[in-house]
Amino acid sequence: MFTEQGPTVRELAVQALSSIERGYDLLAPKFDHTPYRTPDRVLDAVTDEVRRLGPFDTGLDVCCGTGAGVGVLRRLCRERVVGVDFSAGMLAEARAAFPPEGERPAEEEPAGEGPAVDWVRADARSLPFAPAFDLALSFGAFGHFLPAERFGLFAEVHGSLRPGGQFVFPIGAPPPVGSRAYWTLLGFDAAMRVRNALWRPQFVMYYRTFRLGDVLEDLTRAGFAVRLMPLAELGRRPDGSPRARLVVATRE
(Lines give C-alpha, C1' and ligand atoms only; values in the text may rest on other atoms or scores of the structure.)
Protein backbone atom coordinates (compact mmCIF):
# COMPACT_ATOMS: atom_id res chain seq x y z
CA MET A 1 0.00 0.00 0.00
CA PHE A 2 1.84 3.04 -1.38
CA THR A 3 5.23 1.27 -0.90
CA GLU A 4 6.80 -1.96 -2.11
CA GLN A 5 6.90 -3.18 1.51
CA GLY A 6 3.23 -2.48 2.13
CA PRO A 7 0.26 -4.82 1.61
CA THR A 8 -1.09 -5.52 -1.85
CA VAL A 9 -4.62 -4.66 -2.96
CA ARG A 10 -5.52 -8.34 -2.66
CA GLU A 11 -4.16 -8.52 0.90
CA LEU A 12 -6.13 -5.42 1.87
CA ALA A 13 -9.28 -6.90 0.36
CA VAL A 14 -8.88 -10.10 2.38
CA GLN A 15 -8.29 -8.06 5.52
CA ALA A 16 -11.35 -5.90 4.89
CA LEU A 17 -13.56 -8.98 4.59
CA SER A 18 -12.27 -10.44 7.85
CA SER A 19 -13.09 -9.67 11.46
CA ILE A 20 -11.16 -6.85 13.11
CA GLU A 21 -8.94 -9.30 15.00
CA ARG A 22 -8.24 -11.55 12.03
CA GLY A 23 -7.78 -8.57 9.74
CA TYR A 24 -5.10 -7.09 11.95
CA ASP A 25 -3.42 -10.44 12.41
CA LEU A 26 -3.08 -10.58 8.62
CA LEU A 27 -1.97 -6.95 8.25
CA ALA A 28 0.47 -6.94 11.19
CA PRO A 29 3.72 -7.87 9.35
CA LYS A 30 3.26 -4.96 6.93
CA PHE A 31 1.34 -2.53 9.14
CA ASP A 32 4.26 -0.18 9.76
CA HIS A 33 4.61 0.29 6.00
CA THR A 34 1.07 1.65 5.63
CA PRO A 35 -0.44 5.10 6.24
CA TYR A 36 -2.39 3.56 9.12
CA ARG A 37 0.63 3.77 11.41
CA THR A 38 0.59 6.97 13.45
CA PRO A 39 3.12 9.37 11.87
CA ASP A 40 6.30 10.07 13.81
CA ARG A 41 5.53 13.80 13.88
CA VAL A 42 2.31 13.07 15.80
CA LEU A 43 4.12 10.73 18.19
CA ASP A 44 6.81 13.35 18.79
CA ALA A 45 4.29 16.16 19.32
CA VAL A 46 2.39 14.11 21.89
CA THR A 47 5.62 13.09 23.63
CA ASP A 48 6.75 16.70 24.00
CA GLU A 49 3.38 17.84 25.36
CA VAL A 50 2.86 14.93 27.76
CA ARG A 51 6.36 15.23 29.16
CA ARG A 52 5.26 18.51 30.76
CA LEU A 53 2.57 16.63 32.70
CA GLY A 54 4.96 14.16 34.36
CA PRO A 55 6.92 12.60 35.85
CA PHE A 56 5.46 9.12 35.33
CA ASP A 57 6.55 5.75 36.62
CA THR A 58 4.18 3.38 34.81
CA GLY A 59 2.44 3.64 31.44
CA LEU A 60 -0.21 1.74 29.47
CA ASP A 61 -0.63 1.80 25.68
CA VAL A 62 -4.29 0.94 24.99
CA CYS A 63 -4.76 -0.89 21.67
CA CYS A 64 -1.00 -0.79 21.15
CA GLY A 65 -0.83 -2.37 17.70
CA THR A 66 2.79 -2.73 16.65
CA GLY A 67 3.95 -0.61 19.57
CA ALA A 68 4.31 2.98 18.36
CA GLY A 69 2.70 4.25 21.58
CA VAL A 70 4.95 2.04 23.68
CA GLY A 71 7.88 3.82 22.05
CA VAL A 72 6.39 7.09 23.33
CA LEU A 73 5.85 5.69 26.82
CA ARG A 74 9.44 4.43 27.01
CA ARG A 75 10.53 8.05 26.66
CA LEU A 76 8.14 9.22 29.38
CA CYS A 77 8.02 6.49 32.04
CA ARG A 78 10.73 5.42 34.46
CA GLU A 79 9.76 1.95 35.67
CA ARG A 80 7.29 -0.09 33.60
CA VAL A 81 5.41 0.14 30.30
CA VAL A 82 2.65 -2.23 29.13
CA GLY A 83 1.14 -2.57 25.68
CA VAL A 84 -2.30 -4.21 25.39
CA ASP A 85 -4.03 -5.35 22.20
CA PHE A 86 -6.34 -8.18 21.18
CA SER A 87 -4.51 -9.01 17.94
CA ALA A 88 -1.89 -11.71 18.45
CA GLY A 89 -0.28 -10.72 15.14
CA MET A 90 0.13 -7.08 16.14
CA LEU A 91 1.53 -8.07 19.53
CA ALA A 92 4.06 -10.36 17.87
CA GLU A 93 5.35 -7.45 15.78
CA ALA A 94 5.42 -5.17 18.82
CA ARG A 95 7.28 -7.73 20.90
CA ALA A 96 9.89 -8.07 18.16
CA ALA A 97 10.38 -4.30 18.07
CA PHE A 98 10.40 -3.85 21.86
CA PRO A 99 11.35 -7.15 23.53
CA PRO A 100 10.27 -7.57 27.18
CA GLU A 101 12.91 -7.29 29.87
CA GLY A 102 15.08 -10.37 29.89
CA GLU A 103 14.62 -10.98 26.14
CA ARG A 104 16.73 -8.06 24.93
CA PRO A 105 20.33 -8.72 23.93
CA ALA A 106 22.59 -7.16 26.53
CA GLU A 107 24.41 -5.10 23.91
CA GLU A 108 21.14 -3.47 22.75
CA GLU A 109 20.03 -2.13 26.10
CA PRO A 110 22.28 -2.09 29.15
CA ALA A 111 20.79 -3.39 32.38
CA GLY A 112 18.87 -0.73 34.28
CA GLU A 113 18.39 1.58 31.28
CA GLY A 114 14.80 2.38 30.37
CA PRO A 115 11.56 0.98 31.78
CA ALA A 116 10.60 -2.68 31.69
CA VAL A 117 8.30 -3.52 28.76
CA ASP A 118 5.50 -6.09 28.90
CA TRP A 119 2.79 -7.15 26.43
CA VAL A 120 -0.73 -8.32 27.26
CA ARG A 121 -3.30 -9.77 24.91
CA ALA A 122 -6.73 -8.53 25.96
CA ASP A 123 -9.81 -6.69 24.73
CA ALA A 124 -9.70 -3.02 25.69
CA ARG A 125 -13.39 -3.26 26.61
CA SER A 126 -12.37 -5.58 29.46
CA LEU A 127 -8.90 -4.61 30.65
CA PRO A 128 -7.29 -7.05 33.13
CA PHE A 129 -5.54 -4.43 35.25
CA ALA A 130 -5.88 -3.13 38.78
CA PRO A 131 -5.33 0.64 39.25
CA ALA A 132 -1.61 0.43 38.53
CA PHE A 133 -0.72 3.08 35.94
CA ASP A 134 0.20 6.75 36.12
CA LEU A 135 -0.29 7.33 32.39
CA ALA A 136 -2.40 5.71 29.67
CA LEU A 137 -2.45 6.69 26.03
CA SER A 138 -3.85 5.51 22.73
CA PHE A 139 -3.20 6.30 19.08
CA GLY A 140 -5.55 5.72 16.18
CA ALA A 141 -7.69 2.98 17.72
CA PHE A 142 -10.99 4.65 18.58
CA GLY A 143 -12.59 4.15 15.18
CA HIS A 144 -12.81 0.45 16.03
CA PHE A 145 -15.32 1.12 18.80
CA LEU A 146 -18.95 1.96 18.21
CA PRO A 147 -20.26 5.07 19.98
CA ALA A 148 -22.26 2.89 22.38
CA GLU A 149 -19.00 1.18 23.46
CA ARG A 150 -17.04 4.34 24.10
CA PHE A 151 -18.14 4.98 27.68
CA GLY A 152 -17.32 1.39 28.67
CA LEU A 153 -13.88 1.69 27.07
CA PHE A 154 -13.15 4.89 28.97
CA ALA A 155 -14.40 3.33 32.21
CA GLU A 156 -11.96 0.43 31.72
CA VAL A 157 -9.05 2.84 31.28
CA HIS A 158 -10.22 4.81 34.31
CA GLY A 159 -10.16 1.63 36.38
CA SER A 160 -6.60 0.89 35.28
CA LEU A 161 -5.22 4.25 36.46
CA ARG A 162 -4.12 5.23 39.92
CA PRO A 163 -5.89 8.26 41.44
CA GLY A 164 -4.39 11.26 39.69
CA GLY A 165 -3.39 9.14 36.71
CA GLN A 166 -3.87 10.62 33.25
CA PHE A 167 -5.33 9.24 30.02
CA VAL A 168 -4.11 11.15 26.97
CA PHE A 169 -4.69 10.92 23.25
CA PRO A 170 -4.54 13.28 20.25
CA ILE A 171 -7.67 14.25 18.36
CA GLY A 172 -7.57 16.07 15.05
CA ALA A 173 -9.80 18.92 13.99
CA PRO A 174 -12.56 17.81 11.60
CA PRO A 175 -11.87 18.60 7.95
CA PRO A 176 -13.78 21.56 6.48
CA VAL A 177 -17.18 20.61 5.09
CA GLY A 178 -16.91 20.06 1.36
CA SER A 179 -13.13 19.58 1.35
CA ARG A 180 -11.48 16.58 -0.26
CA ALA A 181 -10.68 15.12 3.17
CA TYR A 182 -14.30 15.58 4.25
CA TRP A 183 -15.64 13.64 1.25
CA THR A 184 -12.94 10.99 1.58
CA LEU A 185 -13.84 10.24 5.19
CA LEU A 186 -17.56 10.40 4.48
CA GLY A 187 -17.14 8.00 1.58
CA PHE A 188 -15.03 5.59 3.61
CA ASP A 189 -17.55 5.47 6.44
CA ALA A 190 -20.42 4.96 3.98
CA ALA A 191 -18.56 2.09 2.31
CA MET A 192 -17.88 0.46 5.69
CA ARG A 193 -21.55 0.71 6.66
CA VAL A 194 -22.59 -0.96 3.42
CA ARG A 195 -19.93 -3.65 3.90
CA ASN A 196 -21.11 -4.36 7.45
CA ALA A 197 -24.74 -4.49 6.38
CA LEU A 198 -23.97 -7.11 3.75
CA TRP A 199 -21.08 -9.13 5.17
CA ARG A 200 -20.21 -10.98 8.35
CA PRO A 201 -18.15 -10.84 10.45
CA GLN A 202 -18.27 -7.08 10.83
CA PHE A 203 -15.17 -4.93 10.54
CA VAL A 204 -15.79 -1.86 12.67
CA MET A 205 -13.70 1.07 11.44
CA TYR A 206 -15.33 4.49 11.21
CA TYR A 207 -13.66 7.89 11.03
CA ARG A 208 -16.67 10.09 11.76
CA THR A 209 -18.02 8.59 15.01
CA PHE A 210 -15.43 10.07 17.41
CA ARG A 211 -16.78 13.60 17.79
CA LEU A 212 -15.07 15.77 20.38
CA GLY A 213 -18.21 16.86 22.26
CA ASP A 214 -19.43 13.28 22.64
CA VAL A 215 -15.95 12.11 23.67
CA LEU A 216 -15.66 14.74 26.39
CA GLU A 217 -19.10 13.85 27.72
CA ASP A 218 -18.26 10.14 27.92
CA LEU A 219 -14.92 10.81 29.60
CA THR A 220 -16.65 12.94 32.23
CA ARG A 221 -19.29 10.25 32.82
CA ALA A 222 -16.49 7.72 33.29
CA GLY A 223 -15.05 9.79 36.16
CA PHE A 224 -12.40 11.88 34.44
CA ALA A 225 -11.69 15.58 34.74
CA VAL A 226 -10.89 16.66 31.19
CA ARG A 227 -8.94 19.46 29.58
CA LEU A 228 -7.65 20.13 26.08
CA MET A 229 -4.16 21.21 25.10
CA PRO A 230 -3.23 22.36 21.58
CA LEU A 231 -0.55 20.32 19.85
CA ALA A 232 1.27 23.37 18.55
CA GLU A 233 3.91 21.35 16.70
CA LEU A 234 1.23 20.08 14.31
CA GLY A 235 0.32 23.59 13.19
CA ARG A 236 -2.88 25.60 12.90
CA ARG A 237 -5.74 25.84 10.44
CA PRO A 238 -6.38 28.98 8.38
CA ASP A 239 -8.81 30.25 11.04
CA GLY A 240 -6.07 30.04 13.69
CA SER A 241 -7.44 27.00 15.53
CA PRO A 242 -5.06 24.08 16.18
CA ARG A 243 -5.00 21.22 13.69
CA ALA A 244 -4.92 18.80 16.60
CA ARG A 245 -5.43 18.83 20.35
CA LEU A 246 -4.29 16.60 23.15
CA VAL A 247 -7.11 15.33 25.31
CA VAL A 248 -5.90 15.05 28.92
CA ALA A 249 -8.31 13.11 31.14
CA THR A 250 -7.32 12.85 34.79
CA ARG A 251 -8.72 10.24 37.18
CA GLU A 252 -9.95 12.19 40.18
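Position 1 is the first residue of the sequence, and the numbers go up from there. Not measured: the values here are computed from a predicted model. Atoms considered below: every heavy atom in the structure, side chains included; atoms not considered: hydrogens, waters and symmetry mates.
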* Worked verdict on Val247 versus Phe224 for side chain to side chain contact (heavy atoms under 4.5 Å, CB included) -> CA-CA 11 Å; Val247 177; Phe224 288 104; over 6 Å; no
* To do: Return yes when atom CZ of Arg75 has more than 12 non-hydrogen atoms of other residues, nucleotides or ligands closer than 6.0 Å, and no otherwise.
  =>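 Check passes, neighbour count above 12.
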* Can you tell me if CZ on Arg180 sees more than 12 non-hydrogen neighbours from other groups inside 6.0 Å? ->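 No, CZ of Arg180 has 12 or fewer neighbouring heavy atoms, counting only those of other groups under 6.0 Å.
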* **Residue pair Asp48, Arg51: steps toward the salt bridge (charged side-chain N to carboxylate O under 4.0 Å, His left out) verdict** => CA-CA 5 Å; Asp48 291 343; Arg51 184 174 283 117; 3.5 Å; yes
* Of the options Thr58, Asp134, Asp118, which is the one that meets Arg80 in a side chain to side chain donor-acceptor pair (under 3.5 Å)? ->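 Result: among Thr58, Asp134, Asp118, Asp118 is the only option passing the side chain to side chain donor-acceptor pair (under 3.5 Å) with Arg80.
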* To do: Please round to the nearest 0.5 Å and tell me the distance separating atom CE of Met192 and atom CG of Asp189.
  =>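 These two atoms lie 8.5 Å from each other.
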* Nearest 0.5 Å please: distance from the OG atom of Ser87 over to the CG atom of Asp123. =>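 With rounding to 0.5 Å, OG (Ser87) is 12.0 Å from CG (Asp123).
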* Asked: Trp119 side chain to Val82 main-chain N or O, any donor-acceptor pair under 3.5 Å?
  ->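 The answer is no, because no donor-acceptor pair under 3.5 Å joins these two groups.
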* To do: Anything under 30° is parallel, anything over 60° is perpendicular, the rest tilted; go ahead and classify Phe203 against His144.
  =>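 Because their plane-to-plane angle is over 60°, the rings of Phe203 and His144 count as perpendicular.
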* Please step through salt bridge (charged side-chain N to carboxylate O under 4.0 Å, His left out) for the pair Glu21 and Arg121, ending with a clear verdict. => CA-CA 11 Å; Glu21 181 179 352; Arg121 186 181 181 193; 2.4 Å; yes
* How far apart are the C-alpha atoms of Arg41 and Asp44, what are their side-chain angles, what is the distance that settles it, and do they pass the salt bridge (charged side-chain N to carboxylate O under 4.0 Å, His left out) test? -> CA-CA 5 Å; Arg41 64 189 184 91; Asp44 292 341; over 6 Å; no
Smallest separation among heavy atoms of [X] and [Y], with atom names:
X	Y	answer
Leu53	Met229	CD2-SD, 4.1 Å
Leu26	Pro29	O-CD, 3.5 Å
Ala249	Leu219	CB-CD2, 4.1 Å

* **Chi angles and distances behind the side-chain hydrogen bond (donor to acceptor under 3.5 Å, both in side chains) call for Ser241, Asp239** => CA-CA 6 Å; Ser241 62; Asp239 63 3; 2.6 Å; yes
* **Phe167 six-ring centre to Arg251 NZ/CZ under 6.0 Å and within 45° of normal** =>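 The answer is no; the distance or angle limit is not met.
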* Give a yes or no on whether the ring-centroid distance for Phe188 and Tyr207 is below 6.0 angstrom. =>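 Yes, the ring centres sit under 6.0 Å apart.
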